[in-house]
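Comments concern the structure below.
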Number of protein chains: 2
Amino acid sequence: MLKGKELPVAFVTFKSRWGAAMAAQTQQHTNPLLWITEMAPEPSDVSWRNLSIQYKILPVYKIGVILAATLLTIFFAVPVTAVQGIAKFEKLKKWFPPAMAIEFIPGLSSVVTGYLPSAVLKGFIYIVPFAMLGMAKLGGSISKSKEKIKACNMVFYFLLGNVFFLSLISGSLLDEIGEYVSHPKNLPSHLAALVSSQADFFMTYILTEGLSGLSLEVLQPGLLIWDFIKSRTYCRGKEKDLYLYSLQYFRVIPIVSLSILIGIVYAVIAPLLLPFLIVYFFLGYAVYINQIQDVYETVYDTCGTFWPFIHHYIIVAIILMQITMIGLFGLKSKPAASVSTVPLLLLTIMFNEYCKIRFLPAFRSHSIQNAAENDELDEKSGEMEHNFDKAIEEYRQPCLVPVSFTQSDSSLYQPLITSW
Amino acid sequence: MLKGKELPVAFVTFKSRWGAAMAAQTQQHTNPLLWITEMAPEPSDVSWRNLSIQYKILPVYKIGVILAATLLTIFFAVPVTAVQGIAKFEKLKKWFPPAMAIEFIPGLSSVVTGYLPSAVLKGFIYIVPFAMLGMAKLGGSISKSKEKIKACNMVFYFLLGNVFFLSLISGSLLDEIGEYVSHPKNLPSHLAALVSSQADFFMTYILTEGLSGLSLEVLQPGLLIWDFIKSRTYCRGKEKDLYLYSLQYFRVIPIVSLSILIGIVYAVIAPLLLPFLIVYFFLGYAVYINQIQDVYETVYDTCGTFWPFIHHYIIVAIILMQITMIGLFGLKSKPAASVSTVPLLLLTIMFNEYCKIRFLPAFRSHSIQNAAENDELDEKSGEMEHNFDKAIEEYRQPCLVPVSFTQSDSSLYQPLITSW
């Protein structure tokens, strides 16, 4: 009975880092799908639920998640286009006549026309990262940080599609996509025309993002409301979920990356956007330094595994900028400039390939030399035995961890005046 | 002085297969470009010249070779198009009036129109693999077999471009390419129209290939002539180069793969081609069995490393066939059949991905389990020491190998009557 319930998954503790690095990087069995070794994530980072998924059916989960994320990305366009169409004041008056009342209040009209579209978009977009994380959790990653990286990627491409491109093309979405598919050669010039016409929208987007987005980040209204509801209803008296109070990389990184993308794409076309972006980044720096130092809990260490993805987003931004520039030079009838931007694009792609070969392996696997050096240091300081003992203790299923009441001795439970 | 000439390349002998497999598969240094380990090729397979190329500048060599091969593939079109254009009898009469004389000799006219285009193409194509091998040798591969695999790949894509596609589109090459780039959506239907119109040409191609190509393979006129020239001129009296007499996979595999491709693409469109193909394969089987067993020298063992590439060529053929079918169903106004072929295409691509994950690692690295098992077998039979000693002896630079006159004691040097 129990044998049937046993999972073919195990945490193996090695006596040295060297041995662990060796085992993690080599192929053990002739069938590479039968016996897979990889470095275990941190104890608090293990996704215990996903470990029980059979390796055979993992690709099905992965394809399912990619499909779901793609569908969300594509069909999210429908409500956003509708809302953005309405939020244009001229259309709003036509479809909803009472809105004309806004015109009689001085100042409100300009706020509505300039501010409403991006505020509405922002509201929709706030929910998406959590939906993406929910999907990524079904993707079968063995660690929570990998789930978050997956969610981060999905959110970035979602934002790229639904904020950047959709804001560019607005109205006739299907016509535009049909145009791209049947005439990819015209893409750069088309993109350039669209990008240069939508500079105003992105200026207000950056402004909204900087003012409302970052102030909301400080105030944390969503989290506070969620926490309030949770603590009053079904989680009453339970211990608080620390993960909720950790920095949500999967939400923050794509939003910041999108601002970088907008900045890079508009740097030449509409340089007036850049001062706003600088203010945004300074404000963001101040806010996130505060949040990371004083507000968020550090639940696990990702060891910088998000960096290659941020690098990838920046490369995407640069490539997009260069394609736009090729188109723009063409539109301005400067074919020589247009043609000489093409090698730049190729160089960017080659630089990216070089970075992949040179730096990516450092994020994927620990080098044997490092492992051996660290082993030596441990042996000198005599911590080898201690580390080994600790490693055995650490990886324990959450339900098997003995309940420790000592953990919750916060100041709330301590008497205000110590009795003596 | 000597220190400056030292190369940062070494053959390392391990005491066990297990250790060698471990070292080959792991990343040794934090900088993955600074310390690279891989399994050494067979002693007779080592490309000593390429070992002296610095790893830093290897990518330059590789990109250079790819560029050169691409240029050859693209601009080879020029003479072929010219020759094929002329070889069409109607055009031949127009450009070269004396050719009209052919019409007066009975039977010759049909031979010229049916046979000449593919014979001319065949002549050109015979030289290309050797040119590609020459280029691949500059690519900086550490083993001769890898050079040949590279040449094999380049030759296959060359044949795909210059035999298959160019024969399809003939005449107006640039117009066609422009068409593809600006309207990729029309590619399937366009391809289907072209493929179904050129069935006759490929029938004669397979026929030529089967009759002349395979009989030339048996007779080896090129090799005999080359050998004759060489032995009479600059190589007089020297030892014969064994590599010249080994099976030229880089020439044979792409040609056979192209026949498979033509067969798969035309299987549904022009099934009359298939009997010719079967005759071709039977003939080929007979010829190559004879050649491999009795004619060619086995210089080194590639351990089946060519197989993943043949698999790749077959997948390319299947994908091409499915794209053609999508187009053909569209042309025959069967949109339902056309749309339901699309999932088949996706399944083919997914099958290919699965094969890459499941089977490719077995060709790239030796599994630890296999290595350990073989080590145990060696230890039981007491061959461990012997193997270790042999390994040290084997990898020796060609110029350092002591000249052994005993090797050339062929029947030519032995006296006909032994003196006693």
Side-chain angles (χ1 to χ4, degrees), chain A residues 17-37 39 55-56 58-60 62-63 66-67 177-187 189 346-347 349-351 353-374, chain B residues 17-37 39 55-56 58-60 62-63 66-67 177-187 189 346-347 349-351 353-374:
Chain A
R17 285 188 178 83
W18 179 84
M22 281 285 198
Q25 286 174 47
T26 47
Q27 184 190 329
Q28 310 302 321
H29 196 266
T30 324
N31 181 346
L33 303 183
L34 209 66
W35 188 354
I36 297 128
T37 50
M39 279 284 177
Y55 198 80
K56 267 185 202 166
L58 259 187
V60 181
K62 278 181 191 166
I63 292 171
I66 291 170
L67 265 182
I177 289 172
E179 178 80 4
Y180 284 143
V181 170
S182 58
H183 299 281
K185 216 169 61 177
N186 303 341
L187 188 134
S189 59
L346 293 179
L347 279 178
I349 293 168
M350 271 167 66
F351 171 72
E353 288 306 309
Y354 170 75
C355 288
K356 269 190 201 162
I357 297 167
R358 167 69 184 81
F359 300 108
L360 206 54
F363 290 91
R364 292 247 172 90
S365 49
H366 301 269
S367 73
I368 301 297
Q369 201 192 29
N370 270 0
E373 277 171 9
N374 284 331
Chain B
R17 283 188 179 83
W18 179 82
M22 280 284 196
Q25 286 174 47
T26 48
Q27 184 189 329
Q28 310 300 323
H29 196 267
T30 325
N31 180 345
L33 302 184
L34 210 66
W35 190 353
I36 297 127
T37 49
M39 278 284 177
Y55 198 80
K56 268 184 200 166
L58 260 187
V60 180
K62 278 180 190 164
I63 292 172
I66 291 169
L67 265 181
I177 290 172
E179 178 79 5
Y180 285 143
V181 170
S182 57
H183 301 281
K185 216 170 60 179
N186 303 342
L187 189 134
S189 59
L346 294 179
L347 279 179
I349 293 167
M350 273 166 64
F351 171 72
E353 290 305 310
Y354 170 74
C355 287
K356 270 189 199 163
I357 298 167
R358 169 68 184 84
F359 299 109
L360 207 53
F363 290 93
R364 293 244 173 91
S365 49
H366 301 268
S367 74
I368 302 297
Q369 200 193 29
N370 269 359
E373 277 171 7
N374 284 331

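We use all heavy atoms of the structure for the numbers below, so side chains are in, but hydrogens, waters and symmetry mates are not. By convention in this document, chain letters (A, B, ...) are assigned in the order of the sequence lines, proteins followed by strands, and residues within each chain are numbered from 1.
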Checking A:Gln369 now: which residues fulfil side-chain hydrogen bond (donor to acceptor under 3.5 Å, both in side chains) with it, not counting sequence neighbours?
B:His29

Going by heavy atoms in the side chains, are A:Leu33 and B:Tyr354 under 4.5 Å from each other?
yes

Looking at every non-hydrogen atom in both residues, tell me the closest pair between A:Gln28 and B:Ser367 and how far apart they are.
O-CB, 3.6 Å

In short, B:Thr26 meets A:Gln25 closest at the heavy-atom pair CA-OE1, 3.3 Å

Near A:Phe351 CZ, under 6.0 Å, is it more than 12 heavy atoms from other residues, nucleotides or ligands?
no

Contact part of A:Ile357 toward chain B, heavy-atom cut-off under 4.5 Å: side chain, backbone, both or neither?
both

For B:Met39, is the CE atom crowded, meaning more than 12 foreign heavy atoms sit under 6.0 Å from it?
yes

Look at atom CZ of B:Arg358 and say whether more than 12 heavy atoms of other residues, nucleotides or ligands are closer to it than 6.0 Å.
yes

CD on A:Glu373 to OG1 on B:Thr30, rounded to 0.5 Å
7.5 Å

